[in-house]
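Chain A is the first sequence line, chain B the second, and so forth, proteins listed ahead of strands; every chain is numbered from 1.
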Protein chains: 2
Amino acid sequence: MTVSRVLRNRGDVSEATREKVLAAAKKLGYVPNRIAGALASQRVNLVAVIIPSMSNMVFPEVMTGISEVLDGTELQAVVGLTHYKPDREEQVLYEMLSWRPSGVIIAGLEHTDASKAMMRAAGIPVVEIMDTDGEPIDSAVGISHRRAGRQMGEAIVAAGYRRIGFMGTKMPLDHRARKRFEGMTQALAKAGLEIEDREFYEGGSGFVKGREMTQAMLSRSPDLDFLYYSNDMIGAGGLLWCLEQGIDVPGRLGLAGFNGVNLLHGLPKLLCTMDACRNEIGRRAAQLIADRVATPDQGRGAIIELSPEIALGDTIRRAAAD
Amino acid sequence: MTVSRVLRNRGDVSEATREKVLAAAKKLGYVPNRIAGALASQRVNLVAVIIPSMSNMVFPEVMTGISEVLDGTELQAVVGLTHYKPDREEQVLYEMLSWRPSGVIIAGLEHTDASKAMMRAAGIPVVEIMDTDGEPIDSAVGISHRRAGRQMGEAIVAAGYRRIGFMGTKMPLDHRARKRFEGMTQALAKAGLEIEDREFYEGGSGFVKGREMTQAMLSRSPDLDFLYYSNDMIGAGGLLWCLEQGIDVPGRLGLAGFNGVNLLHGLPKLLCTMDACRNEIGRRAAQLIADRVATPDQGRGAIIELSPEIALGDTIRRAAAD
DNA sequence: ATGAAAGCGCTAACAT
DNA sequence: ATGTTAGCGCTTTCAT
């Protein structure tokens with residue numbers, strides 16, 4: 001009836017009745033039932049966001065980017081966490097699609113066949129984020145982690161380092177970390193080098209982890225002259241340890257991380273890193289969805305590859321050519 | 001029809017038909033429409049989680065706690081962000097309640113009258129988290145920030161510090177930070193002391209912010225012998241700066257933060273802090289909701305106050321009584 | 001500018 | 001063990 005029209009600011013309703021309805025609604029604490037609304041209208045203003053975790057630095061920032069854009073629209077993000085498990089991802093996706101969202105933003109390009117089938121069958125815009133090394137189902141926004149690893153490898157070689165150690169998470173399913181590692185390996189190989197030592201850890205990434213691993217690796221392989229960390233948190237821990245030991249960074253030993261975590265600016269030395277473009281990825285992905293919702297038959301299959309630069313900081317030698 | 005029964009594992013269905021239905025569903029990529037289901041059954045397995053932000057350390061950990069518990073149930077968290085703005089909270093709440101969730105977990109005890117009315121009228125379990133200094137609408141899980149501030153103040157006084165400076169966010173609406181500040185002031189007053197200098201900042205909490213503020217405050221008030229930071233990130237920045245300046249910490253100058261951010265273990269010195277019990281708050285709140293959903297007429301109005309201890313660390317003098 | 005009626009895709013209760 | 005029927009609370013369309 002008329003009430004419905006008022007609450008959606010739709011159709012022609014006289015100002016008088018309009019106000020009357022609004023007043024009554026407020027007094028009764030009436031909240032409309034969107035479930036019924038969505039069922040009747042076949043429209044749901046929800047965007048499913050499916051990401052591995054909230055406990056590292058990266059995804060909260062992606063979420064912030066998504067919110068920045070969606071807050072300017074009718075759309076609402078709904079988050080589901082997969083904990084890097086493909087079958088959990090499948091289940092979360094199923095749950096979310098059962099609410100018939102207007103779009104899906106999902107981390108990564110690797111999914112189970114069932115997940116892919118569901119996303120294709122859903123008939124809604126799907127944006128795969130973080131990574132562009134692979135074949136997206138529909139659209140993608142991210143960076144090439146393989147290239148990121150390669151660029152860092154090239155920078156390390158160019159700076160004159162030769163004996164490189166690697167530290168990362170023990171996560172066979174963190175495809176992006178794997179791709180960075182592959183890129184780095186490839187760049188080193190081109191210079192006739194190999195990773196000399198490596199160490200993998202489980203659990204949260206804190207400073208302590210970085211310290212412990214660095215100590216372990218350097219006592220095992222004291223001749224290393226560069227340490228590449230798969231994220232900035234452990235890199236920062238390693239940096240603090242090295243400085244305490246009086247190790248000359250970046251002269252005797254170079255260090256680099258990944259992610260470009262701004263919160264860490266303010267360490268005794270600025271860690272060499274590479275921005276993962278977290279906020280921008282979130283914003284661009286949300287924009288893609290918003291545009292597709294507004295204009296359903298445009299922009300399918302868009303691929304946006306961002307190109308972060310290395311931030312050299314103070315932990316890698318500058319101008320080795322001098 | 002029967003299909004519905006199969007997909008919900010309900011009622012008596014023969015194994016044969018069951019399998020047939022499942023196979024067909026999988027092949028067609030069929031995902032049931034929960035909107036219709038929810039409308040028909042008047043049950044929605046969603047829990048609305050309403051928090052200020054995702055970009056500091058605290059709420060992602062609360063979310064992790066919530067997920068840990070909810071993952072063992074049929075319930076699903078749906079997050080809405082308020083950015084510390086009461087009217088945005090009201091709007092987000094309205095949006096979420098319109099989906100008729102099974103429960104609400106909301107940060108803080110301060111809400112607009114309209115928000116409170118909505119929550120009371122919703123007829124579902126509501127758990128207000130983080131804070132217990134006030135009157136909850138229904139249940140609450142948190143710590144007393146006033147007491148936390150007081151305890152820290154007492155510890156500072158007991159350690160023999162006398163000239164205290166405070167640094168916090170310029171956030172009139174961060175009630176918990178405000179309550180901690182009040183508690184601290186009160187404890188100092190009892191010892192005849194006052195905060196001698198204070199500084200407030202805007203924007204993200206990074207190490208750099210802590211460094212800059214510490215430098216500014218100490219050059220303005222060089223006689224301070226203790227600095228209390230409203231969070232660990234800026235405290236860590238301050239600590240790093242002080243150590244670089246060669247300031248004797250905790251001898252000449254004591255430092256303390258708040259939150260108990262484990263990621264920061266591994267700094268050159270362990271920052272004195274107080275755990276905000278983020279993960280446990282999330283878990284207990286989720287448990288409260290889960291229990292109420294299982295047994296609707298039990299546990300209304302439960303108030304769980306957690307009692308974190310001060311973690312002295314290395315930045316406050318021990319055993320001043322010696 | 002307002003009212004009336006049909007139906008969105010399920011679940012619940014009741015047949016069979 | 002399976003089929004049938006009547007809504008759930010809205011939106012949409014058509015009528016007034």
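The CD-C1' distance, from B:Glu19 to D:dA1, rounds to 16 Å in whole Å. B:Gln42 has its CD atom 15 Å from the C1' atom of C:dA13, to the nearest Å. Here C:dA12 presents its P atom at 12 Å from CG of B:Leu39, a figure rounded to the nearest Å. For the pair A:Arg100 CZ and C:dG9 C1', the computed distance is 9 Å after rounding to whole Å. Rounded to a whole Å, the CG atom of B:Asn33 is 9 Å from the P atom of C:dT11. Remark: C1' of D:dG9 and CD1 of A:Ile35 are 10 Å apart, rounded to the nearest angstrom. Protein atom NZ of A:Lys20 is 15 Å distant from nucleotide atom P of C:dA1, rounded to whole Å. One atom, CZ of A:Arg43, and another, P of D:dG9, lie 21 Å apart when rounded to the nearest Å.
Phosphate proximity of D:dT2 to B:Ser14: present, with a side-chain N or O under 4.0 Å from OP1 or OP2. Proximity of B:Tyr30 to the phosphate of C:dC10: a side-chain N or O atom is located under 4.0 Å from OP1 or OP2. When the side-chain nitrogen and oxygen atoms of B:Arg34 are compared with OP1 and OP2 of D:dC8, none of them lie within a distance under 4.0 Å. Of the side-chain N and O atoms in B:Thr17, one or more sit less than 4.0 angstrom from OP1 or OP2 of D:dT2.
For B:Thr64, there are no side-chain hydrogen bond (donor to acceptor under 3.5 Å, both in side chains) partners two or more places apart in sequence or in a different chain. Partners of B:Arg278 by side-chain hydrogen bond (donor to acceptor under 3.5 Å, both in side chains), not counting sequence neighbours, listed by chain and number: B:Glu61. Residues forming a side-chain hydrogen bond (donor to acceptor under 3.5 Å, both in side chains) with A:Glu74 (at least two apart in sequence, or on another chain): none.
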Without placing hydrogens or testing angles, list every side-chain donor-acceptor pair under 3.5 Å for residues 77-86 of chain B, not counting sequence neighbours.
from: B:Thr82; atom 1: OG1; to: B:Tyr84; atom 2: N; distance (Å): 3.2

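Between the side chain of A:Asp133 and the backbone N or O of A:His145 there is at least one donor-acceptor pair closer than 3.5 Å.
The side chain of A:Ala40 lies closest to D:dG9, out of C:dG9, D:dG9, D:dT12.
Pairs engaging residues 293-304 of chain B under the side chain to side chain donor-acceptor pair (under 3.5 Å) rule: none recorded [sequence neighbours left out].
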Next on the checklist: I'd like to know whether B:Gln91 forms a side-chain hydrogen bond (donor to acceptor under 3.5 Å, both in side chains) with B:Asp87, so could you lay out the CA-CA distance, the side-chain angles of the two residues, the decisive distance to 0.1 Å, and finally the verdict.
Outcome noted: CA-CA 6 Å; B:Gln91 188 192 326; B:Asp87 53 336; over 6 Å; no
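Rounded to 10°, the helix from C:dA1-D:dT16 to C:dT16-D:dA1 has 30° between the axis fitted to its first five pairs and the one fitted to its last five.
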